[in-house]
Structures are given as C-alpha cells and as structure tokens.
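Input: a single structure, listed below in structure tokens.
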Amino acid sequence: MTKNVAGVAALDDEQRYQAAVSKDPRFDGVFFIAVTSTGIYCRPSCPAITPKRQNMRFYRSAAAAQDGGFRACKRCRPDASPGSPEWNIRADMVGRAMRLIADGVVDRHGVEGLADRLGYEQRQVRRLVTAELGAGPLAIARAQRAQTARILVETTTLPLSEIAFAAGFASIRQFNATVHEVFALTPTQLRGAGPGGRTQKPPGTPRSRGGCPPPRTPLGLRLAYRAPIDLGRMFGFLAARAIPGVEGVDGDRYFRTIQLPNGTGILSLGPFLRPRDPGYVDCELQLEDLRDLTAAVQRCRRLLDLDADPEAVTGNLTADPVLGPLARAHPGRRSPGHVDGNELALRAVLGQQVSVAAARRLGARLVAAYGKPLSRPDGPLTHCFPSAETLAAADPATLPMPRSRGRALTGLATALASGELWLDPGAERDRAEAVLLALPGIGPWTAAYIRMRALSDPDAFLPGDVGVLDALRRLGAVPGGSGGPGGRGRASRSAAALAEGWRPWSSYAVHHLWASLEPVTDHDLREKSQP
C-alpha cells in the first residue's frame with residue numbers, strides 16, 4: 001500500500017483493510033477498526049491477529065466507533081493514537097472544528113460556543129462534522145473526555161470524584177457510565193489495571209530545576225507520534241529562541257510556563273526513554289487547574305508537530321532537486337508550532353529585523369516588566385509571557401524597544417484583545433493573515449511566520465527571510481551577489497517560484513533550509529548513523 005496519510009479522505013475500505021493487514025502505524029489515529037465478533041475497536045497497527053474481513057468495520061473517529069457500540073481495545077489503546085494529520089492540513093470548517101474540539105472548546109463552551117467561534121449555525125456544524133467523522137461534536141468531545149479521564153485515573157492518586165469534573169464530565173454518574181462503556185472497566189478497575197507502558201513517578205518525587213521545588217506534583221504522560229522525529233533539532237530550535245523566565249532547555253528536555261483557560265501551568269517535554277516502546281514523547285504537566293489537561297496536551301502536540309505525517313512530507317520534498325538531499329538526510333524534520341498563538345505573534349513582532357539573540361533579549365525585558373509572575377516559581381521559570389490585554393494597555397513609549405516597534409506591538413495586542421484578530425486553533429488562516437497585514441508595522445515576513453507557527457499552517461513560506469535566502473544561495477538555487485534591495489528582490493522572487501513545487505509542505509521546506517545553516521550537533525550525527 002503506497003498511499004500516504006495525507007490522502008486519507010480518498011481511502012476506501014479495501015485500502016483501509018490493507019493498512020490493517022500490514023499493521024501500518026502511519027494510519028493510527030487516521031481511522032479505526034471495529035470488530036463485530038469481539039465488540040472492540042482498534043488502531044490499524046494493533047498487534048492482535050487480523051480479524052476476518054467480514055467482521056471488520058471502519059470508522060473515521062474513535063467517537064464514531066464508540067457510538068457504534070464498540071469499546072476500546074485494551075492492548076493497542078486506540079483512543080491514545082496520534083491525531084490525524086488531516087486536521088492540521090485542512091482549512092475548511094470541519095478542519096477548524098476538529099482543532100477547536102481537540103483544544104477543549106466544546107467542554108468549556110458547548111456546541112453553541114464552537115459554532116459561534118466558527119461563525120456557523122449549530123445545526124450546520126453538527127451536520128458537517130457528523131457527515132465526515134461519523135459522530136457529532138458532542139460525541140467527539142465525549143470520547144476525548146474519556147481519554148482525559150483515563151490519563152488522570154492511571155497517572156494520579158486524585159479521588160475519582162475530582163477526576164470526573166477535571167475531565168469535563170457534568171456528573172459522577174456520567175463519568176462512571178462513559179468510562180465503563182468506552183473501556184469495559186469501572187473507574188476503580190481502570191485504576192487497579194494501571195498504565196499500559198508508563199510507570200508514573202510516585203507522588204512527592206517530581207523533577208525540580210535550580211534547587212526549587214515545583215509548585216505542583218506533575219502529571220506524567222506520553223504523547224504519541226508517527227516516526228521518525230528529529231526531537232533534538234526541535235529542542236535546539238526552541239532553545240535558541242527561549243526567553244529567560246518563561247522557557248528553557250535542560251539537557252534533553254524543554255520546559256516552559258503556559259497560560260491556559262483556567263489557570264497557569266508548566267510543561268516539560270523530552271525523549272521517552274524506553275527503547276522497546278518507541279513512538280512517544282515524554283510529557284510532564286504541572287497545572288493549577290486539572291480542567292486544563294486536555295488543552296495543555298493538545299498545545300504540547302501542536303508545539304512539537306506530533307500529528308504530522310513525516311512520510312507524506314518527505315515523499316513530496318525528496319523529489320525536489322533542491323530540497324531532496326536535505327529531506328532524505330532528515331526524514332523526521334518537523335515544523336514546530338507554539339502553545340499560545342497570541343504569544344507567538346507578539347514575539348514575532350519583537351523579532352522583526354533583528355537577530356534571534358536580540359529578540360530574546362527584548363523578550364526577557366518585556367517579560368520582566370509586564371509578565372505575569374508565577375505564584376510559586378519553579379527554578380528558572382518565574383513568569384508567564386505578558387497577555388495581549390496587558391500589552392494593549394501599555395504605553396508604547398515605555399516599552400523596552402524602538403518606538404515604532406512598540407506601536408506595532410501594542411497595535412497587534414489591541415487587535416488580539418478586542419477579538420478583531422483570532423490566532424487560536426480554529427482561526428481562519430487566510431483571514432488572519434489579511435488582518436495582520438492591515439495592522440501598522442506588520443509586514444509579509446511577520447504574517448507568514450505567525451501563520452506557520454501560531455496557526456500550525458504546513459504550507460507557509462517566507463521568501464524574503466534572510467536565512468531562507470542564505471540557505472538557497474549556498475545550494476545554488478537563487479541568485480547570489482549583493483545584498484542590496486534589488487538583489488534581495490530577485491532572490492525572493494526566485495525563492496517564491498521554487499516554493500510552488502514544495503506545496504503543501506512549504507513550512508517544512510523552511511525548516512530544512514534553516515536547519516542547513518545550523519551547526520552540526522551530536523544528535524545530527526546519531527541520526528545519520530542510524531540505518
């Protein structure tokens with residue numbers, strides 16, 4: 001079977017069956033297999049014996065399988081599969097809806113809130129989502145709540161009554177019924193069964209940094225992805241841009257503060273150190289309010305681009321004469337997103353026409369002056385990045401930057417705070433870019449960078465970026481010569497023409513080009529030495 005995950009919408013049942021026969025992990029989370037003879041549903045890569053073809057049913061979502069009366073397989077845990085890459089690629093209403101549901105919008109605001117955010121009638125949202133996923137927004141959110149509940153049951157010692165409401169259930173009865181229906185176990189039995197593959201550190205022994213105890217006992221979990229992944233390069237990319245007080249890297253772990261719908265939190269991400277159980281990133285979360293678990297997990301996934309289909313991306317780019325060698329050498333390259341679209345946009349303004357190091361220094365000064373202090377700092381983590389509302393009220397003359405950039409920053413913050421501009425997972429990417437370009441001091445580079453990272457657009461390109469042009473010149477793909485306006489313009493036009501052949505994965509092309517300018521690391525050498 002040669003079809004990649006990006007073509008999931010065109011898959012028929014025979015192709016899905018072939019994926020199940022081959023135990024292809026690329027399709028985990030893309031569709032689900034229900035078995036009528038056992039009453040369970042699985043991921044395509046489930047190691048169990050492949051059922052008879054006549055006993056198999058295929059569903060686009062775990063929620064649809066659950067609505068069909070099937071319970072989750074205890075062996076392959078299909079509800080914990082990586083998400084479908086389709087929802088990051090698609091810019092239509094259903095794609096936007098799925099990103100918002102994953103972020104917990106239905107749990108927080110109901111289907112009415114989802115429809116309002118999308119700009120559609122509730123009935124239309126239900127109809128379109130159900131037509132594509134086989135289940136409506138409420139059922140999809142319910143399946144997500146069940147998975148959140150399992151994480152909390154298996155990885156914490158919280159009372160089950162607290163877990164019920166933290167996972168988003170309206171009552172203990174609803175919690176008990178849903179867990180039993182989805183997992184064929186009561187919550188008490190689920191807790192007794194323990195985690196399937198992850199050993200939780202005992203309470204009271206969390207990691208600490210800088211000699212300070214963490215403010216909350218961390219929740220330990222693992223985040224699934226489709227291999228391969230260049231986690232070391234992503235952490236290096238984030239480390240180079242890390243703002244002191246807000247984020248940092250310690251060895252092979254990245255950590256940062258995060259502002260969530262119900263409170264603040266701290267996340268820590270690193271390799272999952274179990275060679276026999278690959279395909280996961282280790283994640284620790286310290287949350288002021290456990291209701292934020294769903295949103296925090298999804299924002300970690302967007303940050304590390306964990307729902308990507310690397311085979312689809314690499315398969316496209318390796319055919320290109322310019323990018324082919326880079327893509328073949330690094331098939332796991334990802335396009336990092338961000339945990340907070342507003343924060344990324346504000347930081348993009350700080351990075352206009354300055355070096356990465358200079359942008360970090362500006363960010364540190366801004367955080368010190370306007371950031372929200374943590375109630376209990378965790379080592380070097382002391383603040384959350386300033387909110388759009390805080391910066392919208394600031395006097396540009398008092399900001400630690402040139403006056404013109406200060407006006408651009410407060411103008412952007414005002415648009416974000418007022419709702420004129422949305423940069424959450426459900427944002428309309430084309431509209432957001434148009435609003436950005438209409439704001440004073442926001443140019444094409446900034447708008448494209450925001451689109452690429454804040455909105456996780458896989459097809460954003462930065463033709464005028466200095467690093468992109470430098471990399472392309474070294475590859476002999478764009479004109480060299482003087483760096484004057486005329487020379488840059490010709491090079492930018494050549495780069496834009498090349499990028500047409502990289503669609504719909506232009507964002508990944510940008511990262512391949514940027515990475516080609518970075519120093520070779522031990523991680524790169526290990527990656528190249530692997531078969």
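Only this structure's heavy atoms are used, side chains among them; waters, hydrogens and symmetry mates stay out.
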### Query
How far apart are the C-alpha atoms of R299 and L267, what are their side-chain angles, what is the distance that settles it, and do they pass the side-chain contact (heavy atoms from CB on, under 4.5 Å) test?
CA-CA 10 Å; R299 294 175 195 195; L267 63 87; over 6 Å; no
Do you see a donor-acceptor pair shorter than 3.5 Å between the side chains of [X] and [Y]?
{"X": "D305", "Y": "Y508", "answer": "yes"}
{"X": "S456", "Y": "N88", "answer": "no"}
{"X": "Q66", "Y": "Y41", "answer": "yes"}

Which pair of heavy atoms, one from [X] and one from [Y], lies closest together, and at what distance?
{"X": "G426", "Y": "R96", "value": "O-NE, 2.6 Å"}
{"X": "P44", "Y": "D24", "value": "CB-O, 4.0 Å"}
{"X": "A63", "Y": "A135", "value": "CB-CB, 3.8 Å"}
{"X": "L114", "Y": "P137", "value": "CD2-CB, 3.9 Å"}
{"X": "F255", "Y": "D250", "value": "CE2-CB, 3.4 Å"}

### Query
So how far is it from T157 OG1 to E162 CD, rounded to the nearest 0.5 Å?
9.5 Å
### Query
For the atom pair CZ (F385) and CG (L344), what is the distance rounded to the nearest 0.5 Å?
9.5 Å
Using a 3.5 Å distance criterion without hydrogens, assess whether the side chain of [X] forms a donor-acceptor pair with backbone atoms of [Y].
{"X": "T36", "Y": "N55", "value": "yes"}
{"X": "N176", "Y": "V179", "value": "no"}
{"X": "R99", "Y": "P425", "value": "yes"}
{"X": "T390", "Y": "P386", "value": "no"}
{"X": "Q124", "Y": "Y120", "value": "no"}
{"X": "D378", "Y": "L381", "value": "no"}

### Message
Holding to side chain to side chain contact (heavy atoms under 4.5 Å, CB included), I want the full list of residues that pass it with K372, two or more places apart in sequence or in another chain.
### Response
Q259, T264, C384
#### Entry: CD (E112) with more than 12 external heavy atoms under 6.0 Å
no
### Task
Given side-chain contact (heavy atoms from CB on, under 4.5 Å), test L423 with D340 step by step and report yes or no.
CA-CA 8 Å; L423 296 176; D340 187 318; over 6 Å; no
Ion pair [X]/[Y], N-O distance below 4.0 Å:
{"X": "E154", "Y": "R77", "result": "yes"}
{"X": "D282", "Y": "R253", "result": "yes"}
{"X": "R90", "Y": "E132", "result": "yes"}
{"X": "E518", "Y": "R233", "result": "yes"}

Are the side chains of [Y] and [X] in contact, using a 4.5 Å heavy-atom criterion?
{"X": "L304", "Y": "P336", "answer": "no"}
{"X": "Y280", "Y": "L223", "answer": "no"}
{"X": "R453", "Y": "R347", "answer": "no"}
{"X": "T50", "Y": "K23", "answer": "yes"}
{"X": "W87", "Y": "D307", "answer": "no"}
{"X": "I33", "Y": "Y17", "answer": "no"}
{"X": "T178", "Y": "E181", "answer": "no"}
{"X": "E247", "Y": "P380", "answer": "no"}

### Message
Suppose we call two aromatic rings close when their centres sit under 6.0 Å apart. Are F169 and F175 close by that rule?
### Response
yes
### Message
As a test of understanding, state which of R145, R142, Q144, R291 forms a side chain to side chain donor-acceptor pair (under 3.5 Å) with D107.
### Response
R145
### Task
Determine, stepwise, if the pair I229 / L306 fulfils side-chain contact (heavy atoms from CB on, under 4.5 Å).
CA-CA 9 Å; I229 190 170; L306 296 184; 3.7 Å; yes
### Query
In this structure, which one of L285, L374, I258 forms a side chain to side chain contact (heavy atoms under 4.5 Å, CB included) with I266?
L374
### Task
Would you verify whether the NZ or CZ of R241 falls within 45 degrees of the ring axis of F237 while also being under 6.0 Å from that six-membered ring's centre?
yes
#### Entry: E86 and V30: CA distance, side-chain angles, deciding distance, side-chain contact (heavy atoms from CB on, under 4.5 Å) verdict
CA-CA 8 Å; E86 182 178 3; V30 174; 5.8 Å; no
### Query
In terms of ring plane angle, is the pair F31 and F58 parallel, tilted or perpendicular, where the classes change at 30° and 60°?
perpendicular
### Message
Using the salt bridge (charged side-chain N to carboxylate O under 4.0 Å, His left out) criterion, which residues pair with R302? Sequence neighbours excluded.
### Response
D103
### With sequence neighbours excluded, residues passing ring pair (Phe, Tyr, Trp, His ring centres under 6.0 Å) with W514
H511
